[in-house]
Amino acid sequence: MLNRPKLISPFAIWGALLITLIIAAFSPKALAAGLLKPVNSQYSDLQIQSHHVDVAIQDGYATTSIEQTFYNPNDVELEALYSFPVPQNAVVGEFIYWINGSPVIAEAVSKEKARKIYDDQKAQGNATALTEKDEYKTFDMRVFPVQPQQSVKVKLVYMQDALLDHGIGRYVYPLEEGGVDEAKTSFWTRNDAVEQDFSFNVTLRSSYPVDGVRLPAHPSAVIAQEVDGENTTWKATVSNNTAAALGEGGASQSQAAMRLDQDVVFYWRLQDGLPGRVDMVAYRDPEVSKRGTVKLTFTPGDDLIPVTQGRDWVFVLDKSGSMSGKYSTLVEGVRQGLGKLPEQDRFRIVMFDNSTYDLTGGFIAVNQANIDKALQAVEQVEPSNGTNLYEGMEAALRKLDDDRPTGVVLVTDGVANVGVTEKRHFFALMEKYDVRLFTFIMGNSANTPLLVPMTKLSNGVATSVSNADDIIGHLMNITSKLTHQAYRNIQLDIDGVKIKDLTPEQISSLYRGEQLTVFGHYFKGGEAQVTLTMDIAGESREYRTKVMLPDVASSHPELERMWAFSAIRDLQAQMDYLEQKDSDKEQAIEDIALEYGLLTDYTSLLVVEEEVFQQLGLERKNQARVLKEQTAREVKNNQPVKPTRADSNQPMFTQPAPTHSGGGSGGGSMNIFVLLAITLLGAGRVALGQKQKRQNQKH
């Protein structure tokens, strides 16, 4: 056996391998957001004349406004169909279509009813527009008519949490569709070019000091910092004038041909040394309703200690046909990763396409002979065929050693198309084994309804990755989580003020550096005692504080929609887990969506002419809600940023919040040479006691 170095560069083990896998897992050019038309259509493409995006990040959530103008170069009137990826956890409630020069706000209508009304109005030649959700993949926006040689204008607004991980925030404006829907791709052609004006503007306003921002895929973005007393505002702009950062491979694009084929990712970093804390924003208008809405965000201090132990590794590598042309890069990544594993570890390589191949015949010791033999086998594989993800995972979980913690690294888009594809079978599989699953979710159209629950069932970590991301940042976040214990069995109790409808209903785990966000309804202002109970390595800890809920709060009416969306996600998760129709839950989702004006799998956002709303008996509830939100945003933008910390008088956590550069006390400096290979596991069997307890309860 060859002598192996005593000191191992930790990042080299996983960094080289996982970065390479991430690069290899993407197709050379992803499909983009854009206007669709049927293949072989005799008409010229409709055009995107302008595409303007404004993002406001403040108070723990981001509001994205997209305004587009479509143009018809043909001599006949046509329908515009615009498709774009579903943003992660987006709360969509504002859709506007300009009719005869005036903006008309959409109403939420049950999906089948909305499509029928749209088709009826279209058949009558009336102006109408519709936004629908295509499962987890895309939003589809239809607009009729686009008159010959004329333009139409539409606007869409959505909100989403803007959470931090190790003090770093990440916002993604998704444009790369992912290309996982082959039937759709074969039917439609796509025009993703913005002919005239493109701009993406993000404004970050924080009550905590921000020491830097970054757009890794757009180095030519214009970034400005504005200081107003204790408040700092960061602004970043990508536009026609920064087109060089938008082209494929960084190539310059002309101002008249911007393409919507690359995500825009915006990072921001808070100053080191900030405390663990509780932040709160609320909305309550007692003149309208006694019921208010509150959002609590918990940022634990750094009190999770590191864990280390010898490990077994299972690399689950996709060798389906989509890997053709990238396979040599994957081989090189495996070579670098295996070449630096510590001697006390063991490894195993499983590959899958239509079938599964255990290239190593089980776990083998880390030595040069085994590595050379495994690499030779990997090099001889020819990428081909479909994706039997279930068989690949089943093979990976076979013949585990109960005495050694095991980590499974899976890189996939989760679009299983061969063999077992039902989600419930994947979930049942993960519940059988005590392993930590680490999933890189690749692309905007990845099957998150499968991959995220599957990963959560293993008490693991799922990470969404964009081509425009800072991959190093993802690896550093995962490294920190998996080298430390985790919070388990989380319980939140609030006394002193009546609060109900807390969502999410279940919070199983919280990892180092993560934030926890909870929404709820309250009915009167006053002081509330907040107790967070969490298990660490089988021991229960309590964290307590007091917060003051406002009797009147007008700045955040969007919280009502965000609560509703979180409640809908709870219901949808229950159905996803069982993978069966539940008419009561479906009706509950539809009822919530209609009350709060939301776009969901069961509801659409519909625009018709104002008199048609009246003729159809569609109450303009969402119009009133949108106008209220627009007014509140305008007022908030013209005021100084208000602090959101709620536990200053009685801090809930005693330690600073963890950061990668040593802001917390438990982990010290976190640089890129932290060992991701020592990462995955340690806590991989922390949940063993809980799992055994569940098994005992079954018997």
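All heavy atoms count here, side chains included; hydrogens, waters and symmetry mates do not.
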Hey, what do you get for CG (L532) to CD1 (I507), rounding to the nearest 0.5 Å?
7.5 Å
Is it true that atom CD of E527 has more than 12 heavy atoms of other residues, nucleotides or ligands lying nearer than 6.0 Å?
yes
Quick check against the 3.5 Å criterion: does D647 have a side-chain atom that pairs as donor or acceptor with the backbone of V278?
yes
Answer yes or no: is there a donor N or O on one side and an acceptor on the other, between the side chain of R645 and the main chain of S207, under 3.5 Å?
no
Residues L215, I223; criterion side chain to side chain contact (heavy atoms under 4.5 Å, CB included); working and verdict:
CA-CA 9 Å; L215 288 85; I223 297 176; 4.2 Å; yes
Within the supplied structure, the quantity of interest is the number of heavy atoms (other residues, nucleotides, ligands) at a distance under 6.0 Å from K546 NZ; does it exceed 12?
no
Taking side chain as C-beta onward, heavy atoms only, is L627 less than 4.5 Å from I105?
yes
Let's go through V202 and V264 carefully: what are the C-alpha distance in whole Å and the side-chain angles of both, what is the deciding distance for side chain to side chain contact (heavy atoms under 4.5 Å, CB included) to 0.1 Å, and is it a yes or a no?
CA-CA 10 Å; V202 57; V264 183; over 6 Å; no
Under the 3.5 angstrom rule, does the side chain of R284 hit a backbone N or O of K290 as a donor-acceptor pair?
yes
Any chance the side chains of Q650 and T545 put a donor and an acceptor closer than 3.5 Å?
no
Per the side chain to side chain contact (heavy atoms under 4.5 Å, CB included) rule, which among T131, T600, L156, V157 passes with V92?
L156
Within a strict 4.5 Å, meaning less than it, do heavy atoms of the R170 and D165 side chains meet?
no
Test side chain to side chain contact (heavy atoms under 4.5 Å, CB included) on T64 and Q160; report intermediate values, then the result.
CA-CA 8 Å; T64 303; Q160 60 198 121; 4.1 Å; yes
What is the distance from atom CG of D551 to atom NZ of K524, rounded to the nearest 0.5 Å?
8.0 Å
What one should report as the nearest heavy-atom pair of L175 and D263 is N-OD1, 2.7 Å
Count the heavy atoms of every other residue, nucleotide or ligand shown that sit under 6.0 Å from NZ of K456, and state whether that count exceeds 12.
no
Heavy-atom pair of closest approach, residues T293 and H521:
OG1-CD2, 3.5 Å
Nearest heavy atoms of M280 and P550, plus distance in Å:
CE-CD, 4.2 Å
Rounded to the nearest 0.5 angstrom, the CD1-CG distance for I536 and D303 is 5.0 Å
Checking ring-ring contact (aromatic ring centres under 6.0 Å, His included) between F653 and each of Y487, F298, Y543, which is the one that passes?
Y543
How long is the straight-line distance from CZ of F565 back to CD1 of I589, given to the nearest 0.5 Å?
10.5 Å
Is the backbone of L598 close enough, under 3.5 Å, to the side chain of R561 for a donor and an acceptor to pair up by distance?
no
Q68 (side chain) donor-acceptor with I48 (main chain) under 3.5 angstrom:
no
For M258 and S239, work out which heavy atoms get closest and say how close.
CE-O, 4.1 Å
Write down the atom of P300, the atom of E514, and the distance for their closest heavy-atom approach.
CD-O, 3.5 Å
Does N622 reach the main-chain N or O of G93 with its side chain, forming a donor-acceptor pair under 3.5 Å?
yes
Take T533 and T531 through the test side chain to side chain contact (heavy atoms under 4.5 Å, CB included) and record every step on the way to the result.
CA-CA 6 Å; T533 305; T531 304; 4.0 Å; yes
Under 4.0 Å between a Lys/Arg side-chain N and an Asp/Glu carboxylate O for K295 and D59?
no
Give the minimum heavy-atom separation between L559 and Y283, together with the two atoms involved.
CD1-N, 3.9 Å
Cationic N near anionic O, under 4.0 Å, E107 to K621
no
Cationic N near anionic O, under 4.0 Å, R512 to D302:
yes
Under a 4.5 Å cut-off applied to non-hydrogen side-chain atoms, are L599 and Y158 in contact?
no
Looking at E542, I want to see if its CD is surrounded by more than 12 non-hydrogen atoms of other residues, nucleotides or ligands under 6.0 Å.
yes
Heavy-atom side-chain proximity of Y596 to V91 below 4.5 angstrom:
no
Could you tell me whether the side chain of S566 and the main chain of M562 form a donor-acceptor pair under 3.5 Å?
no
Report yes or no: does W268 contribute a side-chain atom to a donor-acceptor pair with the main-chain N or O of W234 at less than 3.5 Å?
no
Looking at K628 and D285, does any basic side-chain N land under 4.0 Å from a carboxylate oxygen?
no
Can you find a heavy atom in the side chain of V104 that is under 4.5 Å from one in the side chain of Y97?
no
Has Q515 got a side-chain atom pairing as donor or acceptor with L164's backbone, closer than 3.5 angstrom?
yes
Do S206 and V641 come within less than 4.5 Å of each other through their side chains, counting heavy atoms only?
no
For Q639, does the CD atom have more than 12 heavy-atom neighbours from other residues, nucleotides or ligands under 6.0 Å away?
yes
For residues F200 and H218, determine if any side-chain heavy atom of one lies less than 4.5 Å from a side-chain heavy atom of the other.
no
Classify the angle between the aromatic ring planes of H51 and Y82 as parallel (below 30°), tilted (30 to 60°) or perpendicular (above 60°).
tilted
Distance alone, cut at 3.5 Å: any donor-acceptor contact between the side chains of D279 and T297?
no
Out of curiosity, N489 CG to Q506 CD, how far, rounded to the nearest 0.5 Å?
10.5 Å
Spacing of CG belonging to L502 relative to NZ belonging to K500, to within rounding of 0.5 Å
11.0 Å
Within-4.5 Å side-chain heavy-atom neighbours: Y208 and R277:
yes
Give a yes or no answer on whether the side chain of T603 reaches the backbone of A108 with a donor-acceptor pair at less than 3.5 Å.
no
